[in-house]
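Atoms within each ligand, like the ligands themselves, are counted from 1 in listed order.
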Amino acid sequence: MDMREYIGEAEKALLHTYNRYQIVLERGDGVRLYDMEGKEYLDFVAGIAVFAFGYNNREYNEALKAQIDKIIHTSNYYYNIPAIQAAKKLKKVSGMDRVFFTNSGAEAVEGALKAARKYAYLKDGRTDHEIIAMNHSFHGRTFGALAVTGNPKYREPFEPLIGNIRFGSMNDIGSVKAQITDRTCAIILETVQGEGGLVPATEDFLKEVRAICDERDILLILDEIQCGMGRTGYMYAWQKYGVKPDIMTTAKALGCGVPVGAFLMTEKVGQNSLAAGDHGTTYGGNPLACAAVEKVLDLFEQNHIIENVREVAPYLEKRLEELKEKHDCITERRGTGLMQGLVLDRPVGDTINRALENGLILINAGANIIRFVPPLIITKDNVDEMISILEKSLV
Ligand SMILES: *Cc1c(COP(=O)(O)O)cnc(C)c1O
């Protein structure tokens, strides 16, 4: 079958929940992807902030193959070595105390919400606790995660979702304060909003949210699924601000392609929330997934991934700013680190399609924003190449 035919087959077999770009990707190497016709693309999406050190990393591939030959799966009713090692390393880089491995980002958010509700329940025995989330947030597609996602279009057809969710606005402390009641048990936000348009929390806002949480024993949940794992030049974006969450979620680049996520918490929350029997997962934290996590965390250190982000990100930012100055159709640059966005005065679909034709993979965030979440190993040369293809694709 040729590429057209495969796409036809896909549209007959897969549920149509995505308007997919018309290419079949077959393999990758470093920051390059290849479709099944052998066409090469420079990748500035990384599977949506997943493939931190690019495709076909030999050491990573070998670690997975070795684990496959030992054991792929056991139940969480037994211990396994990769999960123990991965949890220890994740604790070290995050500064959190307790880890629960999941299979996805949405599941990590579900677990975080359950932990927060249980924490509050153990305090006062009530079952009407409220959670405050942010407008324009994105936390995933399952019922709990969707309930705290601040995009009515995603939520509405599936209501009723879990109840007692209230919304404030990012970087508007008054709007958050206005939603607090004596039943508030948690505030959840992305340290840098991803899907919602590449909006970093300001330091003042985060510090004020932290202060309110401390005052009232409300748990702060930071969703680091997209902005975490080195993307902002810090292992986790909150580490830049010195504002520590009580519960944190991570996924996407955590497994660099193997489906795995986690929610983590402080010892205090760990001792006073989910206990034996309260939560579980068949696959979560299995040896294959955790062998990936372990190797990912090793490679971050070995390959100085965060140092590279700190070196290349300011250059990307500068080149995007220059592009904005040159083209009236670009109204704003947003974001931080290797998590950037360009806001256009029109929908970005055509530009992204033209970029694809010109050998560059980009993705949107909402209708009018082009999002840049490349592999964390990109070089300044890759940035220059991207900018020149993008510029060609703008007209
Ligand atoms: C992608 C994402 C999720 C959902 O993760 P899945 O693995 O797709 O379930 C949740 N929160 C944020 C901030 C994300 O970017």
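For E190, no nitrogen or oxygen atom sits less than 3.5 Å from a nitrogen or oxygen atom of ligand 1, counting backbone and side chain alike. On a distance-only criterion, A251 and ligand 1 share no N/O pair closer than 3.5 Å. Not one N or O of E195 is nearer than 3.5 Å to an N or O of ligand 1, by distance alone. Note: no N/O pair closer than 3.5 Å links E107 and ligand 1 by distance alone.
Taking a distance limit of 4.0 Å, we find that atom 8 (O) of ligand 1 is approached by no protein heavy atom.
Summary of contacts: the protein heavy atom closest to atom 1 (C) of ligand 1 is K252 NZ, 1.5 Å. Atom 11 (N) of ligand 1 has its closest protein heavy atom at D223 OD2, 2.8 Å. For atom 5 (O) of ligand 1, the nearest non-hydrogen atom of the protein is G105 CA, 3.3 Å.
In this structure, H129 has its ring center at least 6.0 angstrom away from the ring center of Y121. Between H136 and F167, the distance separating the two ring centers is not shorter than 6.0 angstrom.
Cluster annotation: Y234 and L297 are assigned to distinct hydrophobic clusters (Ile/Leu/Val/Met/Phe/Trp/Tyr, side-chain heavy-atom contacts under 4.5 Å, transitive).
Under 4.0 Å from ligand 1, not a single heavy atom of R141 appears. With a 4.0 Å cut-off on non-hydrogen atoms, A106 touches ligand 1 through its backbone as well as its side chain. Contact annotation: for H139 versus ligand 1, heavy atoms closer than 4.0 Å belong to the backbone alone.
A salt bridge links K12 with E9: at least one charged nitrogen is closer than 4.0 Å to a carboxylate oxygen.
F101 meets the ring-ring contact (aromatic ring centres under 6.0 Å, His included) test with no other residue; sequence neighbours excluded.
For I81, the CD1 atom counts as loosely surrounded, since its 6.0 Å shell holds 12 or fewer non-hydrogen atoms of other residues, nucleotides or ligands.
In this pair, F44 and F372 present their aromatic rings perpendicular. The plane angle is above 60°, beyond the 30 to 60° band.
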Inset, instruction - Kindly determine whether E110 and K114 satisfy salt bridge (charged side-chain N to carboxylate O under 4.0 Å, His left out), including the steps that lead there. - result: CA-CA 6 Å; E110 297 290 331; K114 277 181 74 175; over 6 Å; no
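Close contacts of ligand 1 with F138, meaning ligand atoms under 4.0 Å from a residue heavy atom, involve 2 (C), 3 (C), 11 (N), 12 (C), 13 (C), 14 (C).
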